Amino acid sequence: MSYMLAVRQIMGGKAQTAEEKRVSADRMERMLGFGAALQARGILLAAESLRSDEEGIRVERREGKLSFMDGPFTESKEIIGGFFLIDVKTREEAVELATQCPAAEWSTVEVRQCGPCYDE
């Protein structure tokens with residue numbers, strides 16, 4: 001079964017001080033190592049870090065009318081900073097992997113099973 005480990009983080013600015021940049025680089029190295037370990041186990045399907053919502057755009061179609069909203073999306077308090085898409089046998093295994101994700105120390109790792117977008 002496929003699960004997404006979505007890294008939800010509080011919105012905030014980029015690291016500014018030398019110490020903040022060092023901490024940020026250390027976190028990135030740890031996350032890359034976590035992804036490499038998942039890949040070595042053969043369970044990683046995809047992983048990406050997402051750019052800031054300042055570069056995003058929201059698209060909606062209501063009653064045939066398109067609307068677009070450029071970021072940043074000020075009503076959001078959290079953003080999805082990135083994800084790991086994994087293939088494991090059980091929800092429990094996915095949750096266990098989420099507990100091992102370094103981002104759980106400074107963000108929230110949300111575990112979601114992938115599936116069809118409709119119920120029969």
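Below, each value reflects all heavy atoms present in this structure, side chains not excepted, and no hydrogens, waters or symmetry copies. Everything quoted here is computed from the prediction, not taken from an experiment. Residue numbers count from 1 along this sequence.
Val88 is connected to Val111 through a chain of hydrophobic side-chain contacts under 4.5 Å among Ile, Leu, Val, Met, Phe, Trp and Tyr, so both are in one cluster. Under a hydrophobic-cluster definition in which Ile, Leu, Val, Met, Phe, Trp and Tyr are linked whenever side-chain heavy atoms come within less than 4.5 Å, directly or via other members, Val23 and Met31 are assigned to different clusters. Under a hydrophobic clustering in which Ile, Leu, Val, Met, Phe, Trp and Tyr are joined whenever their side-chain heavy atoms come within less than 4.5 Å, directly or via other members, Leu45 and Met4 fall into the same cluster. Met69 and Leu66 are assigned to two separate hydrophobic clusters, defined by single-linkage of ILVMFWY side chains at heavy-atom distances under 4.5 Å.
Proximity of Leu97 to Ile43: side-chain heavy atoms (C-beta onward) are separated by under 4.5 Å at one or more points. A heavy-atom distance below 4.5 Å is found between the side chains of Tyr3 and Arg91.
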Q.
Applying side-chain contact (heavy atoms from CB on, under 4.5 Å) to Ile10 and Lys77, what does each step give before you reach the verdict?
A. CA-CA 6 Å; Ile10 301 293; Lys77 293 183 178 144; 5.7 Å; no
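Put simply, CZ on Arg8 and CD1 on Ile80 are 4.5 Å apart, with the number rounded to the nearest 0.5 Å. Note that the CD atom of Glu29 and the OG atom of Ser24 stand 11.0 Å from one another [nearest 0.5 Å].
For Phe84, the ring pair (Phe, Tyr, Trp, His ring centres under 6.0 Å) partners are Phe34, not counting sequence neighbours. Every residue two or more places apart in sequence or in another chain that forms a salt bridge (charged side-chain N to carboxylate O under 4.0 Å, His left out) with Glu93 is listed here: Arg41. In this view, Arg27 satisfies the salt bridge (charged side-chain N to carboxylate O under 4.0 Å, His left out) rule with no residue, not counting sequence neighbours.
In the displayed structure, Arg58 atom CZ is contacted under 6.0 Å by more than 12 heavy atoms of other residues, nucleotides or ligands. Around the CD atom of Glu110, the shell of radius 6.0 Å holds more than 12 heavy atoms that belong to other residues, nucleotides or ligands.
Across every non-hydrogen atom of Ala104 and Val109, the tightest pair is N-CG2, 3.8 Å. Between Ala94 and Leu5, the closest heavy-atom pair is O-CD2, 3.8 Å. The shortest non-hydrogen separation linking Leu85 to Cys114 is CD1-SG, 3.6 Å.
Tested against Arg51 for a salt bridge (charged side-chain N to carboxylate O under 4.0 Å, His left out), the candidates Glu55, Glu48, Glu54 yield a single pass: Glu55.
With hydrogens and angles disregarded, a donor-acceptor distance shorter than 3.5 Å links the side chain of Asp87 to the backbone of Met1.
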